[in-house]
Amino acid sequence: QVQLVESGGGLVQAGGSLRLSCAASGRSFSTYAMGWFRQAPGKEREFVAAISPGSSITRYVDSVKGRFTISRNNAKNAVYLQMTRLKSDDTAVYYCGARQSGDPSQSVSAYAYWGQGTQVTVSS
């Protein structure tokens, strides 16, 4: 089992940048694929980015490609989401998810463990 805690959210102007962090506790973090998802008010939780346990595979939703970068540091039990050129459409609560698999799935239902989320608000 793994516990996840997100941080780094906040209020930023359009065009700005933020770096989200997700700290994991528990054993065998390096065997988990990790994902970032987001949920805007009145909408379902949606996939943003995911990374395989060894960082060899990364996936992104089309709307963030070229702007967001997912990375991880297994020695620190952490995964990150660097967000640049932020837009008002990026406003949402961002969640970190973990699944004990080598496949960085884009499906919400594939992830068994979730953090509490961190709010990102982009003002235009």
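All of these numbers come straight from a predicted model, not from anything done at the bench. All values below were derived from every heavy atom in this structure, side-chain atoms included, with hydrogens, water molecules and symmetry-related copies excluded.
Hydrophobic clustering places Phe37 together with Ile70 (ILVMFWY residues linked when any side-chain heavy atoms are closer than 4.5 Å, directly or through intermediates). In the hydrophobic cluster analysis, where Ile, Leu, Val, Met, Phe, Trp and Tyr join through side-chain heavy atoms closer than 4.5 angstrom, Ile51 is grouped apart from Tyr80. By the criterion of side-chain heavy atoms lying less than 4.5 angstrom apart, applied directly or through intervening Ile, Leu, Val, Met, Phe, Trp or Tyr residues, Val79 is grouped together with Tyr60 in one hydrophobic cluster. Using a 4.5 Å cut-off between side-chain heavy atoms of Ile, Leu, Val, Met, Phe, Trp and Tyr, with links allowed through other members, Leu18 and Val122 fall into the same hydrophobic cluster.
Ion pair Asp103/Arg59 flagged as a salt bridge, since at least one NZ, NE, NH1 or NH2 atom sits closer than 4.0 Å to an Asp/Glu carboxylate oxygen.
To the nearest 0.5 Å, the span separating CZ on Arg19 from OG1 on Thr69 amounts to 10.5 Å. Once rounded to the nearest 0.5 Å, the distance linking CZ of Arg72 with CZ of Phe29 reads 4.0 Å. In this structure, CE in Met34 is found 14.5 Å from OG1 in Thr58, a value given to the nearest 0.5 Å. From Tyr113, atom OH reaches atom CG of Leu4 across 10.0 Å, with rounding to the nearest 0.5 Å. Separating the OG atom in Ser30 from the CG atom in Asn73 is a distance of 11.5 Å, to the nearest 0.5 Å. Rounding to the nearest 0.5 Å gives a distance of 7.5 Å between OG of Ser63 and CZ of Phe68.
Using a distance-only test at 3.5 Å, with no hydrogens or angles considered, a donor-acceptor pair links the side chain of Arg99 to the main chain of Ala110. In this structure, the side chain of Glu6 engages the main chain of Gly117 through a donor-acceptor pair within 3.5 Å. Formation of a donor-acceptor pair under 3.5 Å by the Thr84 side chain with backbone atoms of Arg67 is found in this model. In terms of modelled atom types and a separation under 3.5 Å, the side chain of Asn74 and the main chain of Pro53 share a donor-acceptor contact.
For the pair Asp90/Met83, no side-chain contact is recorded, criterion being any heavy-atom separation below 4.5 Å from C-beta on. When side chains are defined from C-beta on, Val108 counts as touching Trp114, because their heavy atoms get closer than 4.5 Å. In this structure, Arg38 and Glu46 have side chains that are in contact, with non-hydrogen atoms separated by less than 4.5 Å.
Nearest approach of Ile57 to Pro104, heavy atoms of both residues: CG2-CG, 3.7 Å. Shown here for Tyr32 and Ala98, the closest heavy-atom pair between the two residues is CD2-CB, 3.9 Å. Closest heavy-atom contact between Ala14 and Ser124: CB-CA, 4.2 Å. Heavy atoms only, all atoms of each residue included: Gln100 and Ser28 are closest at NE2-CB, 4.5 Å. The two residues Ala50 and Ser105 have their closest heavy-atom pair at CB-O, 3.9 Å.
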Derivation of the side chain to side chain contact (heavy atoms under 4.5 Å, CB included) call for Ser123 and Leu11: CA-CA 7 Å; Ser123 64; Leu11 174 63; 4.3 Å; yes
Test log, rule side chain to side chain contact (heavy atoms under 4.5 Å, CB included), inputs Thr118 and Leu20: CA-CA 8 Å; Thr118 185; Leu20 305 185; 4.0 Å; yes
Criterion side-chain hydrogen bond (donor to acceptor under 3.5 Å, both in side chains) on Ser107 and Ser109, from CA distance to verdict: CA-CA 5 Å; Ser107 173; Ser109 61; 2.9 Å; yes
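Within 6.0 Å of atom CD in Glu44, 12 or fewer heavy atoms from other residues, nucleotides or ligands are found, so the atom counts as exposed in its surroundings.
With ring centers used as reference points, Phe47 lies 6.0 Å or more from Trp36.
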